[in-house]
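One structure below.
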Amino acid sequence: MERAHTLIPLPRREAIRSMIKRGERIDGRKPDEYREVKIEVGVAGNADGSARVSLGHTKAIAGVKASIGPPFPDSPNAGTLVVHAELIPVASPIFEPGPPDENDIELARVVDRGLRSAPALKLEDLVLVPAKHVWRVFIDIYPIDHDGNFIDASGLAAMAALLNARVPKYAVAPDGTLSKSEERVALPIADVPVFVTIAKIGDALVVDPCYEEELVMDARLTFVLTKDGSVCAMQKGGRGGFSVDEIVRALEMAQKVAPELRAKLEAAARAA
Amino acid sequence: MERAHTLIPLPRREAIRSMIKRGERIDGRKPDEYREVKIEVGVAGNADGSARVSLGHTKAIAGVKASIGPPFPDSPNAGTLVVHAELIPVASPIFEPGPPDENDIELARVVDRGLRSAPALKLEDLVLVPAKHVWRVFIDIYPIDHDGNFIDASGLAAMAALLNARVPKYAVAPDGTLSKSEERVALPIADVPVFVTIAKIGDALVVDPCYEEELVMDARLTFVLTKDGSVCAMQKGGRGGFSVDEIVRALEMAQKVAPELRAKLEAAARAA
Amino acid sequence: MERAHTLIPLPRREAIRSMIKRGERIDGRKPDEYREVKIEVGVAGNADGSARVSLGHTKAIAGVKASIGPPFPDSPNAGTLVVHAELIPVASPIFEPGPPDENDIELARVVDRGLRSAPALKLEDLVLVPAKHVWRVFIDIYPIDHDGNFIDASGLAAMAALLNARVPKYAVAPDGTLSKSEERVALPIADVPVFVTIAKIGDALVVDPCYEEELVMDARLTFVLTKDGSVCAMQKGGRGGFSVDEIVRALEMAQKVAPELRAKLEAAARAA
Amino acid sequence: MTGKGSVKLLTEDGRRLDGRALNEMRRLRIEAGVLKNADGSAYVEWGRNKILVAVYGPRETHPRHEALPDRMLLRCRYSMLPFSVKEERKSPTPTRREVEISKVIREALEPAIFLEDYPRTSVDVYIEVIEADGSTRVASITAAAVALADAGIPMMDLVAGVSIGKIEGKLALDINGLEDQYGEGDMPIAMMPRLGEVTLLQADGRFTREEIVQALSMAREAIQRIYEEQRRALKDRYSGVGLEYGSAGEG
Amino acid sequence: MTGKGSVKLLTEDGRRLDGRALNEMRRLRIEAGVLKNADGSAYVEWGRNKILVAVYGPRETHPRHEALPDRMLLRCRYSMLPFSVKEERKSPTPTRREVEISKVIREALEPAIFLEDYPRTSVDVYIEVIEADGSTRVASITAAAVALADAGIPMMDLVAGVSIGKIEGKLALDINGLEDQYGEGDMPIAMMPRLGEVTLLQADGRFTREEIVQALSMAREAIQRIYEEQRRALKDRYSGVGLEYGSAGEG
Amino acid sequence: MTGKGSVKLLTEDGRRLDGRALNEMRRLRIEAGVLKNADGSAYVEWGRNKILVAVYGPRETHPRHEALPDRMLLRCRYSMLPFSVKEERKSPTPTRREVEISKVIREALEPAIFLEDYPRTSVDVYIEVIEADGSTRVASITAAAVALADAGIPMMDLVAGVSIGKIEGKLALDINGLEDQYGEGDMPIAMMPRLGEVTLLQADGRFTREEIVQALSMAREAIQRIYEEQRRALKDRYSGVGLEYGSAGEG
């Protein structure tokens, strides 16, 4: 991503930027128009929950695995959540194999912060025996095809996988021993945060940038929005900056599209 | 190994291949003739068992270290076996220092599969206290000089080191505590698998390829053979393939030399 | 450091070496003269002990963190000491970021040996409950500015940080449970070893080499000296050697400066 | 190892636990050209296995010193997504098993490729297992061959594979995860379907010579059928029937 | 996460536990040019935070293939010394948190630098946290901008930052470690002080739109004051008042 | 550390536990040219220590950027095989101890080599400890010097080493593993035997100045004898008496 700037021929770069100056986008969208969003759940049968999300040609898959283990020593009364993401080369020639780099790590941490801060999960309801047995929830996110705005796709896929997850129900005996039942139950969902990214290109703001728009953008700003319209996480990225006014306009754009994205998430989860 | 193909001058390559077409080999052997095999045990005094094996100029050393520890959680009633191999530069300029690469890993895993599948060790007899204290057996294999067919040398060295191993005898008290005696006992050997590799060069098959033969070979096929003549593991390697008929012929060649290799192993173990 | 030899222009190199031949040094010091030493403690408030040491322009910072944990299985009746050093690029363009290389490791191990061998700490007095709860003392050493002789600066900083350290006092109940008090106590100091390095340049020996002297030196020899004048560790470095006579002369130079260095350490610790 | 033999894998009427006969394959469906960014791609659903393959190349080799003067460099990476396994989450760090499988897959594909046609270039094959249920390495080879063809890499034949297992003393075609875990043996086999050349052969568990001969024969027959499905996927792709991965459910 | 809200962070008269008003900053002191070997450097003490920054460059890029044809390569490494944290010793291996912060710091500084002025070169910014007490990333940016200016890197503006927290439902300027741990939210903000451009913006915890607007406004005002201290440090440096790090105590 | 002094290392008649006098060396046997593929090699048995050394070079330096314009690059890797130690299996990953020892061995050998004779080339010395019983670093140096000579590397002298220990207050020549573990000090010393130059010197445990002088003198005397064995090994090699490693038992 570091060298994205240099990957696009200058004439193409100028063409995209001057279209956007006129309020047009290369794929025909309006500045505040999100691409078509598709969400499917249950796509990976060995996961406890899974989802595949498309934003136009961008596709992400996320899977949840939950297991019982000890809590972190400093949080004896809470389950744990770990988010991991890896930009694998399957999805694009710009991704290289190897251990997680700063892009993988930023992506996972932004998704993690959004889910944790909303919060998506009631971690305190994931305790079976305090200080001893808690649910440990892992979410792994992978791109399938990359055409820009992978943060939003990842956030949606992670949330959809959480909504889709079903884990065995455990009974706790008075002496603290666990017994697993056949029944599977949903995870304790507290909120359904959605991720919305706005790109700044010249003086314009566009929602849900595609890959070529990312190549020419000055900066991006991601909002994670909770059901009540609050912002539970933000992340600015890229080599440019935003004026305070642009931040407020970007937030308004994000708040406009968030309810529809959330509705799609909830519909996909119900449909399963 | 990846670039082995390009390491040999073309005329030499052609010479070797055309000799083999005529049923001759560069070191004067017949196609189905194994090199001279020498096996010595007890060559590394701090190991619980050790062996050095020569196949012609190819030399390998293997050492066994056994210690008591917990079993794997999914196998409470079995000891553990770990095989590790590292193609160190001592043995050849083609080996580079550094963490294990795919060649090291394939080698270790093929030896591991052969020993485990035979099985060489009765892992269930390595349990002192179920789910708590079992023998953990490590085999480490290193090349000393490399002149081809390091898989067979490794397999023989590993098996010889297992046969040579003596570990302290432990008494288990009714409450599960262990007490170590001065007496040392052999490991519970179930079978004595031997590793035999056949190289395909053009339309010919040769057993126990030397290094130059490996450089010109199309593919290799390793058989691990148990006492009763069964095959307990196979591994095809290299950039070529085998016809079904060639596989059967190769197996017959392997079965022909296996008993003698096993006899050498057993003689070396007895001689110690 | 490996290529230090080649980093200095030949005329400069020759100038420095011929000055030294005449008994002069580039910074005006005499061969047996140490640079001005400054020691400040308590410079990192979240550490349990800390110190910053200057030898002329060379600056090092060291911090101690102590926590309670299990002892090493083979030393149930001793606390633990871990020394870590990292030559970070903040201090010099010759240091590169990345995992510890041989220079970092040698440095940490020489400091560790000196402290352990003196011994600086009575490790057996760091036991709260044998085999169960002991103090684990970590010392981390970082360069701030590098102008040669970083070994001595590190050793002094590490020792000053140990002298500066205060850890919570714990009471041990008869049943082995620990209770932490508000009171903080010093670590059990047994000796105050000091590190003195002598460089050999041509036929001359100089104490406390600066960076340019390190670039032209043939070899270095570090002595760690205890209060009673004994040597508790030595380390020769560099691509040259010492005659036996030079070793004895170097030791005498080191023994001459050691008491003053120790006095500075003790004064700094008292002043805090 | 554990549990080998501790689960009965055949019912009294000789059927396997999923209802199949011993020589019956699981349902197989391949799609070619399912990814937008890759030069070639394929998606396979084989029983419960779901595997996605992307191919890039032939392209300039990076890092350059790995380029081969006389032929194309083929690189393969087989990896299991952390949630693809039945057991607890797999660490995303490549395991030794994945490293070995990547190597044998590469060596199973190389015999089919005209490597000499594009010296100094490289082709990268990335294999991601989304859901695993036994025999994933042969399923990966089968899909990778389709993805290579989809990328236009010159090949003398496709490569297709199947695993022969041994359960309760009998050979069984196309073993699934349960049969792999509790069965007595596993012999993954890959061949060039038209040329009949075996390009991958591994085994663990005990097999007699006769069983090996029989296993190779069972595999050869099955591989002809797998090959038909590979060809159908490529034909559909070229006739524009191909679907993006995920554009329609998993059917 | 744990303990969020479990500690009362405001006294009954509306003061914070360290005695500050909600819109009051901690004591801030910056020194420029404190290191001998680096091309530029700065040291900041901000409350109990102590942070040292070294800058090298513009210089030839190593490894060479990372050089950019059309602009300077900026690299940042933010790291916490193992003894800089209140909790148990931090491992010296970079954590995921440090990797992310290094990236956002770089992207906070880049907008202020004329990157096109020195194509193919690189500038390295090394940030070492010696003592940490909340808001270290914005303190690091503030010091790094001074160190870049000290190194003579051409910049269109400095960059300065501050963190706005949310404690007991109210916005609080420049939160410290305790407030970060037990408060309801943290919003680190960096700006180019003269141009008013926001170059770093992150948040966790819930904020309404109105709160975000108010936080940006609080930050903007504070950043003007921080900018004054940055300029003072640079002025002192050029007038020779600058001190070596550690040549005088910590004041 | 633990146990220092907890085991009596001298019998009542002043003998060591293995029967040696304080100034008595263990049996030493060196063979040169024991490997077929290496450019030079040596095998040493010294007491129970068994160490194999291979030397490659002078050869082109890889990676190229490590080449030195004015001299040969010497690289050393000392490693202990996992089963070479008395204690539990050692992990094959290089330990910090092995990294440091590799460095001091390199710096012990460099003074003896005419490094300027082959600029831009490299020589690699690989040392594998098969069985360890104390003083392995000096045994490694002793064998490595022979292997370098066997490879034809131009040298001004050989290098040989021995460890002086301190047990029950007395200096002891050539300490073994037990004496290292339970003794009061260890001083490994390497010298160029003809030139008398000390090229490795380390110590832990307390030594007075007089003890250091005495230790150096004991070492010097022993090193002359070790040097004789080195020369014998090289002479035998050139006269064709040399044996492959393992071609005859360990005697």
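In this structure a side-chain-to-backbone donor-acceptor pair under 3.5 Å is missing from D:R209 to B:S230.
Shown here is B:E96, whose CD atom has no more than 12 heavy atoms of other residues, nucleotides or ligands within 6.0 Å. The environment of NZ in B:K21 is sparse: at most 12 heavy-atom neighbours from other residues, nucleotides or ligands sit within 6.0 Å. Applying the 6.0 Å contact sphere to CD of B:E260 captures no more than 12 heavy atoms from other residues, nucleotides or ligands. The 12-atom threshold is exceeded at CZ of B:R249, counting heavy atoms of other residues, nucleotides or ligands nearer than 6.0 Å. More than 12 non-hydrogen atoms from other residues, nucleotides or ligands lie less than 6.0 angstrom from CD of D:Q224. Heavy-atom neighbours of B:D245 CG from other residues, nucleotides or ligands within 6.0 Å: above the threshold of 12.
With a 4.5 Å cut-off on non-hydrogen atoms, B:L225 does not touch chain D at all. Within the 4.5 angstrom heavy-atom criterion, no atom of B:D112 approaches chain D. If you measure heavy-atom distances from D:I189 to chain B, you find no contacts under 4.5 Å at all. Within the 4.5 angstrom heavy-atom criterion, only side-chain atoms of D:M187, from C-beta onward, approach chain B. With a threshold of 4.5 angstrom between heavy atoms, B:E124 does not approach chain D through any atom at all.
The shortest side-chain heavy-atom distance between B:M234 and D:I212 falls under the 4.5 Å cut-off.
Among the candidates D:G205, D:S217, D:G196, D:P188, the residue making the largest number of heavy-atom pairs closer than 4.5 Å to chain B is D:G205. Per-residue heavy-atom pair counts under 4.5 Å with chain D were compared for B:G240, B:G238, B:S243, and the maximum is reached by B:G238. Most heavy-atom pairs under 4.5 Å with chain D: of the set B:R109, B:E106, B:Q255, this distinction falls to B:R109. In terms of heavy-atom pairs under 4.5 Å with chain D, the best-connected choice from B:D104, B:V231, B:D218 is B:V231.
Between D:L109 atom CG and B:R239 atom CZ the span is 13.0 Å, to the nearest 0.5 Å. One finds the CD1 atom of B:I247 at 5.0 Å from the CG atom of D:L216 (value rounded to the nearest 0.5 Å). Put simply, CD1 on B:I105 and CD1 on D:I101 are 12.0 Å apart, with the number rounded to the nearest 0.5 Å.
Minimum interatomic distance between D:P111 and B:K236 (heavy atoms only, all atoms of both residues): CG-NZ, 4.4 Å.
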Given the rule in the side-chain contact (heavy atoms from CB on, under 4.5 Å) test, do D:R206 and B:D228 qualify, once you have shown the distances and angles that lead to the verdict? CA-CA 10 Å; D:R206 286 189 180 221; B:D228 68 358; 2.8 Å; yes

D:V198/B:E246 under side-chain contact (heavy atoms from CB on, under 4.5 Å): CA gap, chis, key distance, verdict: CA-CA 10 Å; D:V198 175; B:E246 284 167 340; over 6 Å; no

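Of the residues listed (D:K103, D:R96, D:R106), the one engaging B:E102 in a salt bridge (charged side-chain N to carboxylate O under 4.0 Å, His left out) is D:R106, and it is the only one.
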